[in-house]
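Worksheet: one structure, shown below.
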Amino acid sequence: MITKELAVKNLDKVISKVEGARLRISEHHIVKIIGISKYSQADEISTLYSAGQRAFGENKVQDLKEKMNTLEELPLEWHFVGRLQKNKINNLIDLKPTLMHSLDSLELATELNKKLEAKKTTMKCLLQINSAKEDSKSGVQPEEAVEIYKTILDNCPNIKLVGVMSIGAHVDERAIIKASFDTTKKIYDELTPLGAKYCSMGMSGDFELAIACGSNMIRVGSSLFK
Ligand SMILES: *Cc1c(COP(=O)(O)O)cnc(C)c1O
């Protein structure tokens with residue numbers, strides 16, 4: 001359990017690193033911080049809220065539901081960042097998340113669109129790209145990403161695609177992590193004429209590098225909650 005004091009300290013540390021990294025790009029390069037609360041309890045999220053953090057994310061639909069319910073009094077923004085199983089799609093739709101970061105295949109998009117249509121609603125989503133081409137990660141292949149993005153725009157009117165998401169390469173070599181972020185950013189740049197607004201990349205271990213590569217949305221968990 002983190003104390004209010006520690007929450008403020010953690011958040012300040014992340015904010016000042018983000019400030020440094022974004023100002024190296026431009027004063028106008030704004031980066032949104034999503035606090036990933038998957039290893040934390042509702043009272044810890046509430047502590048982070050009192051330190052100033054407003055946007056949080058979960059990777060399991062059930063956890064998202066429980067934490068949203070427990071914290072419904074607070075004006076929080078909720079993001080979904082995990083692998084979405086087909087049998088959980090309706091549950092996620094009912095939670096009306098602010099943004100779904102992990103649309104990871106055309107197949108999932110088709111299924112999600114069908115269920116959104118049936119419920120007469122829409123969902124803002126990011127297309128997840130497996131830029132490091134790691135078997136352990138989901139996401140579309142980088143060379144197919146633009147085509148799949150366009151196909152979803154054309155065929156899934158209930159999905160509001162607003163950008164891309166990626167997880168940096170899971171290695172120690174900075175150059176390889178940077179290459180995976182560069183790959184995602186290049187795809188993002190191709191998609192901005194089609195309405196892409198968010199390039200969600202960077203986690204606790206690599207968010208400064210991700211911002212240097214052009215990320216405008218980072219997902220940090222352990223550096224805020226530990
Ligand atoms: C857990 C998780 C994060 C946060 O990871 P940390 O290393 O704890 O900052 C970010 N993105 C996704 C998709 C995650 O599952």
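In each ligand, atom 1 is the first atom listed, and ligand 1 is the first ligand listed.
- Note on Lys119 versus Asp94: salt bridge recorded, some NZ/NE/NH1/NH2 to OD/OE distance being below 4.0 Å.
- Proximity annotation for atom 10 (C) of ligand 1: of Met203, His79, Lys137, Met203 comes nearest, heavy atoms only.
- Remark: minimum distance from atom 9 (O) of ligand 1 to any protein heavy atom is reached at Ser204 OG, 2.5 Å.
- Of the possible polar contacts, one joining the Asn113 side chain to the Asn158 backbone as a donor-acceptor pair under 3.5 Å is found.
- Regarding atom 12 (C) of ligand 1, its nearest protein heavy-atom neighbour is Arg219 NE, 3.8 Å.
- If you check the side chains of Ser200 and His101, you find a donor sitting under 3.5 Å from an acceptor.
- Within ligand 1, counting atoms from 1 as listed, the ones closer than 4.0 Å to a heavy atom of Lys38 are 1 (C), 2 (C), 3 (C), 14 (C), 15 (O).
- The Val220 neighbourhood of ligand 1 comprises atoms 9 (O), with distances under 4.0 Å to a heavy atom of that residue.
- Residue Ser222 approaches ligand 1 through these ligand atoms, each under 4.0 Å from one of its heavy atoms: 6 (P), 7 (O), 8 (O), 9 (O).
- Near Gly221, the atoms of ligand 1 lying under 4.0 angstrom from a non-hydrogen atom of the residue are 4 (C), 6 (P), 8 (O), 9 (O).
- The pair Lys4-Glu44 does not count as a salt bridge, with every side-chain nitrogen at least 4.0 angstrom from each carboxylate oxygen.
- The pair Lys86-Glu107 counts as a salt bridge, with a side-chain nitrogen and a carboxylate oxygen less than 4.0 angstrom apart.
- Looking at atom 13 (C) of ligand 1, its nearest protein heavy atom turns out to be Val81 O, 3.5 Å.
- Using a cut-off of 4.0 Å between Lys/Arg side-chain N and Asp/Glu carboxylate O, Lys150 and Glu190 are scored as not salt-bridged.
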